[in-house]
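See below for the structure under consideration.
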Amino acid sequence: MSIGTEVMDEKKQQLIKNLQQAANHFKSNTLTRSQYLRYQSNYATDAPTLMSIYNNLGKWKDALELAGLSQQEMRQIRCGRCGKRFDPQNDQNYCIDCVNDPKFSKGSRRASKKYTEEEIISVLHEAASLIEGSITIPAYEELKLHPCTTTIRNHFGSWSNALKKAGLYKRCLSYKEK
């Protein structure tokens, strides 16, 4: 009976190691199910299935806890420079790779700081009053307003985040539903 327990312990340890490797691949101490599945299908095809993890370690949250990981609490945003998804910290709009890249122009970061959040939101509301339908990037660009869409996206991390912050995202969705 102790042999079966030993085998099970080894299996659990291997599952925990796989979860840690997957999180390490994403350079994070958090891991979502979708990240694990992407890791499993693209980088470690021999990694155990989610069902195997559930059967041996319990719920996803419990499995992560055993592996010393946590569930992702924040929603990831896209980097304003490279477009890669990352966990924002302290209202930063760029992933750590771009910030640490010596080729990263500090001027591009200053350009997004030229406008305050309030100014950008005000311009988005002005655009909303002029645009019939969804406030899309092409529709905004046709108005030739400033700041440009790149500055807005860089400031908020994405066009959707800018619309959400301005309280216009629901308006955009309601037009798509009609």
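Computation of the quantities below employed the complete heavy-atom set of this structure, encompassing side-chain atoms and omitting hydrogens, waters and symmetry-equivalent molecules.
- Residues satisfying the side-chain hydrogen bond (donor to acceptor under 3.5 Å, both in side chains) test with Glu141, not counting sequence neighbours, are Thr149.
- Put simply, the side chain of Ser28 gets close to the backbone of Thr30: a donor and an acceptor are under 3.5 Å apart.
- A distance of 9.0 Å separates CG in Leu124 from CG in Leu145, rounded to the nearest 0.5 Å.
- In this structure, Gln13 CD and Asn18 CG are separated by 12.5 Å, a value rounded to the nearest 0.5 Å.
- The CD atom of Gln40 lies 13.0 Å from the NE2 atom of His25; values are rounded to the nearest 0.5 Å.
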Ser158 vs Ser160, test: side-chain hydrogen bond (donor to acceptor under 3.5 Å, both in side chains). Steps then yes/no.
CA-CA 5 Å; Ser158 72; Ser160 295; 4.8 Å; no

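- Contacts classified as salt bridge (charged side-chain N to carboxylate O under 4.0 Å, His left out) and involving residues 115-129 (residues at least two apart or in different chains) are given here: Glu117-Lys165.
- By the salt bridge (Lys or Arg N to Asp or Glu O under 4.0 Å) test, Lys17 pairs with no residue at all, sequence neighbours left out.
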Apply ring-ring contact (aromatic ring centres under 6.0 Å, His included) to residues Tyr115 and His155 and explain how you reach the verdict.
CA-CA 9 Å; Tyr115 294 91; His155 187 85; 9.1 Å; no

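- Thr32 and Ser34 share a side-chain donor-acceptor pair at under 3.5 Å.
- For the pair Ser41 (side chain) and Leu37 (backbone), a donor-acceptor distance under 3.5 Å is present.
- Note that CG of Leu163 and CG of Leu168 are 6.0 Å apart. Values are rounded to the nearest 0.5 Å.
- Of the possible polar contacts, none joining the Asn161 side chain to the Gly157 backbone as a donor-acceptor pair under 3.5 Å is found.
- Of the inter-residue distances, the one linking Leu19 atom CG with Ile53 atom CD1 reads 4.5 Å to the nearest 0.5 angstrom.
- Note: Tyr54 and Trp60 have perpendicular aromatic rings, judged against thresholds of 30 and 60 degrees for the angle between ring planes.
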